Amino acid sequence: MPISDWFQAREERTYIPVDSQRSAADLPDGVWVKCEGCKKTIYQRDFEANLDVCPGCGKHADIDAPTRVLLLADAGTFAETEADITSADPLRWTSGKPYATQLETAKAKTGLTEGIITGRAAIGGHPVVLGAMDFRFIGASMGSAVGEKITRAFELALAERRPLVLVTASGGARMQEGVLSLMQMAKTSAAAARLAEAGIPYVSILTNPTSGGVTASFAVLADVILAEPGALIMFTGPRVIEQTIRQSLPKGFQTAEFLVEHGFIDAVVDRRELRDRVSLLLDYLNPGGE
Amino acid sequence: MPISDWFQAREERTYIPVDSQRSAADLPDGVWVKCEGCKKTIYQRDFEANLDVCPGCGKHADIDAPTRVLLLADAGTFAETEADITSADPLRWTSGKPYATQLETAKAKTGLTEGIITGRAAIGGHPVVLGAMDFRFIGASMGSAVGEKITRAFELALAERRPLVLVTASGGARMQEGVLSLMQMAKTSAAAARLAEAGIPYVSILTNPTSGGVTASFAVLADVILAEPGALIMFTGPRVIEQTIRQSLPKGFQTAEFLVEHGFIDAVVDRRELRDRVSLLLDYLNPGGE
Amino acid sequence: MARAFVMEFERPIAELEDKLAALKRLDVSGEPELAAEIDALQVAIIKLRDTLYSSLSAWERVQVSRHPERPKTQDYIETLFTDVIELRGDRAFGDDEAMFAGLGTLDGRRVAILGHRKGKGTKENIRRNFGMPQPEGFRKARRIMQLAGRFGIPLVTFLDTQGAYPGIGSEERGVAWAIAECLATLTRLPVPVVCVGIGEGGSGGALAIGVGDRLIMLQNAYYSVITPEACSSILFKDPSRACEVAPALTMTAEDLVRLGLADEIVPEPPGGAHRDPASVLIAVREAVVRSLGDLEGQSRDEIVARRYARLRAVGVHTEGGV
Amino acid sequence: MARAFVMEFERPIAELEDKLAALKRLDVSGEPELAAEIDALQVAIIKLRDTLYSSLSAWERVQVSRHPERPKTQDYIETLFTDVIELRGDRAFGDDEAMFAGLGTLDGRRVAILGHRKGKGTKENIRRNFGMPQPEGFRKARRIMQLAGRFGIPLVTFLDTQGAYPGIGSEERGVAWAIAECLATLTRLPVPVVCVGIGEGGSGGALAIGVGDRLIMLQNAYYSVITPEACSSILFKDPSRACEVAPALTMTAEDLVRLGLADEIVPEPPGGAHRDPASVLIAVREAVVRSLGDLEGQSRDEIVARRYARLRAVGVHTEGGV
Ligand SMILES: [Zn+2]
Ligand SMILES: [Zn+2]
């Protein structure tokens, strides 16, 4: 998907329109969205101008990968890589909904070819490799294609000695690819460890939700780990834990703030400050001379 | 102190003789010691044959450094190094008992020149550098001389690519040398880190008691950490903690067994098995080719 | 062997065995028909088991892999290795008994050993948390990986877990971080790594010590991105359709060999490894020794580069429309 | 400035100040004698303070180093640095607010920053545990040291702690191990390290971030193997003889320079750093910038070798009877 299409893609996102007459191409003043935090209605235009952060309660709404790239990369600098990698259906999965159908639906819905976009970009003038996951695409779960794109992002960063910035959002492994999906955890972790050995910086930004095999692999192997306010970040989902331990979970469990307190995240950063923060971090973290 | 004098030194150790008529050179059958664990009396001869472990309750009595070396090193292999290093009195310390007097007393009492003995030795046929601290010598606290001897042990191990085995027992830093004593923690830790960089194995054996600045430096920077049963191992002593938190401490707090449970020690090993265990460990841990 | 546990699909066998046991309790002297019936039943049991086990479904294999009498990591360690030294603790929080870590000697080779450790019996299982490690277990494993790497000691791992323990403490103490750090360390470890799937191989908790240069799978062991029950729960809001999704998940030893992820399968006797542990232990020993032999003589750089290439090849995607 | 806290040895000054305040509340118009007395008192206060501070004892300096209004790590970070990014967490158990860790820019130089963080006021002090780190704090510090080493970022540390927190949790979570690992990392860190003693420098808890290529001490800061109270408790079973043992412990900035452990002293105004924080902050800034400049341009190997040589020379012993 070329960069020029993204603004359009952004327009096409499906919020919860209070006004169901919403027209995609040209938003009239009367289009509202409802904040999932405080439940108040907000002009969609104001909401988007505020980067989908509720002006009232600060709730960060989920955003898609193209929007994420727009928010992080310096204008006009993003050049997508590996855009032609997409999932095969290696196991011919038909349990529940056939995987092939799910893939087609996801592609049609998102205009993307997979659950992650990667490419070269600049952030605050720093040349980087940038990747952003898109939860709309089968929960941005990590199958072979996502694993391959992430691995290539690490390899590109290594080859060009560019810092890597990855924005995660994922339901975890893509079970429709069975054990091949599990193995992507090892593959991406190996690529991350290899980048670290070469002294190239890697900053990860965990957004809502990041879970399972993505959390337990490349996502947390970064030099600096940032997260958006309120983002849920976990290995095991809360329902499974509740079923196992037969008690309810503490308030705020598995939020970004909870994880900061427990020592796993460097900082919770407001989306509106993310680009500046990443840029500043990259001022400090220079790819070491090997 | 030459190795030949050690057997004699061992005879001269001051247990709590039930029979105060005890003669040092030739123990008659009537000499008993009292176990500090079960309070039962034991023939001293039986007790020593059992390596000062109570045959009844298994309590490991504290032993001195020469005995420790005898128990660990293959017979006749120990060759002391740096025997002529001893403490100066750099601060001319006179608070409480003058340091110079304490040093003289300790030397007279122990026949040692400092709170640690170091040397080349073999354990189960493995050439090693071996060090053992002696609590009788001003609590085997770490002043400049002890720090220097430990540092040289690390350096000798590095130079000759011999594994290092250190047996600790210490009250911590030697306050009579003020901040110079504190800095020995950094010096010995630097030496330990340097040895680790070179891939030379280092096994430490924590014995009763090991505390303060010794615990918080070279003692725990080993590849494998063993401890004797019941040994108290700590950073801060229990009285200071009780005074700070104003509550009493849980049973077994700061014992070797407590530390195993909390993940800090690889194994608690009976003194009677220590030599075999260290030898076996050294079968596995070969000094890596640099 | 006392029959304490019957797997669903072995019910028909169990019924015949009950019948046989009842007959055996009778006095057969002067009752040649009874004796003949006993003989016939014994043959029938063997034949039925052979038939059942000649084509076990994925879900049936999962059940076999979980059989309580199945040989456990501890059995392998005690039987295969001599001079075993357990090394405990993560140097940060605790010692997790669900994860074994140590050193041992196998056929004269000195190796480091890691393994998920299920217990035998309820008490031991509780202490070992049914083989489901918490962050401490993974951090201990990582520490021993690093030790092996530092001293050039090959690593052998035994996989037998449903996965990392899904509890509050696990999340609070960063189980995802602990697993990821294991993976980063293990995938770059400059010594040969041989992994053996002996029973369950559930998700990230298995993977954390399950990536190496060779993967040996017992015939009825599984290795899966998710347990069939959990997968069924997600797809159908109903865990009981595990038998349907198990084959789709490609989790059996055969699946893994077909996908190029496992290198060899150690056959199990009809009825599963617990019916003849000695033969299985011997076969595993042979396979591990052979694998270690194959991996000998490489430089540290070669080992790491080959493992990366092996991992790099994992996965099937479409590229450029192909 | 509100006088909230009076140090024992400043009582005479406080009394004069009280008197002065009382006089000032009177109406001095048409009372030239009163005005003259006020002037005289003001001069007397200044002279008395100058006299007292011209020869502070070690124990008096310890009191000054603990003054609640004394500039804290946070003040140095906020004043000296721009573009500060705090980095939190030990990646294993928690984030310890008694230890600051982050990145910042000082006179155009990008550095990593560590510092013991006492609070201001009771509430903040409780959150920050009065600047006494637990194992998490040291593990966070070590993580940031490693980050600095990886990316070649010089490290600046600010020391201000009575020591590691002596609690059950500290021991349970291995505070000794955490400190030792800091020391191992810090002493071998391949980037320039500049340490600044700004207040208290108590024992291993200070040392864990207090070893480097330069040690700058504020005039009234201390660095000691043990607090004078604790030393007095050990020697005399009585903490109140701290004033006697303080000089013996060789803990003042001057002692450290004399022993070759500290490189320079940043003078404080009479009354201590809190009487004129701006001048002290400026002087510290100047000293740190100069030290960083001095340490520039060395290779990683040179840095590590020189630091080892520096540490190697620490200590005074007798050898061969000399
Ligand atoms: Zn809102
Ligand atoms: Zn006893």
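Every chain is numbered from 1, with letters handed out A, B, ... down the list of sequences. Values below: all heavy atoms of this structure, side chains included; hydrogens, waters and symmetry mates excluded. Treat the numbers as computed from the prediction; the structure is a model and nothing was measured.
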Please rank [options] by heavy-atom pairs under 4.5 Å with chain B and give me the top one.
options	answer
D:R173, D:R310, D:R307, D:E181	D:R173
D:I226, D:L259, D:V304, D:L256	D:L259
D:M251, D:E172, D:E244	D:E172
D:V175, D:T185, D:T187	D:T187

**Message:** With a 3.5 Å distance limit and no angle check, can you tell me whether D:W177 reaches the backbone of B:A216 through a side-chain donor-acceptor pair?
**Reply:**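 Looks like no, no N/O pair under 3.5 Å.
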**Prompt:** Just by modelled atom types, is the D:V316 backbone N or O under 3.5 Å from a matching donor or acceptor in the B:S144 side chain?
**Reply:**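 Yes; at least one donor-acceptor contact below 3.5 Å.
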At a heavy-atom separation under 4.5 Å, does [X] approach chain D through its side chain, its backbone, both, or neither?
X	answer
B:L221	side chain
B:A196	neither
B:E242	neither
B:A192	neither
B:I241	both
B:F218	neither
B:E82	side chain

Heavy-atom closest pair, residues [X] and [Y]:
X	Y	answer
D:V225	B:S181	CG2-OG, 3.8 Å
D:A176	B:T215	CB-CG2, 3.5 Å
B:F253	D:E171	CZ-CB, 3.6 Å
D:P166	B:V240	CB-CG1, 4.3 Å
D:A180	B:S189	O-OG, 4.5 Å
D:L235	B:S95	CD1-CB, 3.7 Å

Interchain contact, [X] with chain B, by part (heavy-atom threshold 4.5 Å):
X	value
D:I234	side chain
D:Y165	side chain
D:T250	both
D:Y308	side chain
D:V211	side chain
D:L207	side chain

**Asked** Is any NZ, NE, NH1 or NH2 atom of the basic residue among D:E319 and B:R152 found under 4.0 Å from an Asp or Glu carboxylate oxygen of the other?
**Response**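 Between B:R152 and D:E319 there is a salt bridge, with a charged N closer than 4.0 Å to a carboxylate O.
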Supply the atom-to-atom distance [X] [atom1] to [Y] [atom2], rounded to the nearest 0.5 angstrom.
X	Y	atom1	atom2	result
D:L183	B:T188	CG	OG1	8.0 Å
D:L249	B:E177	CG	CD	12.0 Å
B:R194	D:L311	CZ	CG	11.5 Å
D:R312	B:E148	CZ	CD	4.0 Å
B:M185	D:S203	CE	OG	6.5 Å

**Prompt:** Is any side-chain heavy atom of D:L261 closer than 4.5 Å to a side-chain heavy atom of B:V179?
**Reply:**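 A side-chain contact exists here, since the closest heavy-atom pair is under 4.5 Å.
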**Message:** Could you tell me if the side chain of B:Q247 sits less than 4.5 Å from the side chain of D:I168, heavy atoms only?
**Reply:**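 D:I168 reaches B:Q247 side chain to side chain.
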**Message:** Is it the case that atom CZ in B:R239 sees more than 12 heavy atoms from other parts of the structure closer than 6.0 Å?
**Reply:**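 Open: at most 12 neighbouring heavy atoms sit under 6.0 Å from CZ of B:R239.
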**Request:** Taking atom CD of B:Q102 as the centre, report whether more than 12 heavy atoms of other residues, nucleotides or ligands fall under 6.0 Å from it.
**Result:**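 Above 12, so yes.
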**Asked** Under a 4.5 Å heavy-atom cutoff, which of B:A190, B:A193, B:A219 has the most pairs with chain D?
**Response**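 Option with the top pair count is B:A190.
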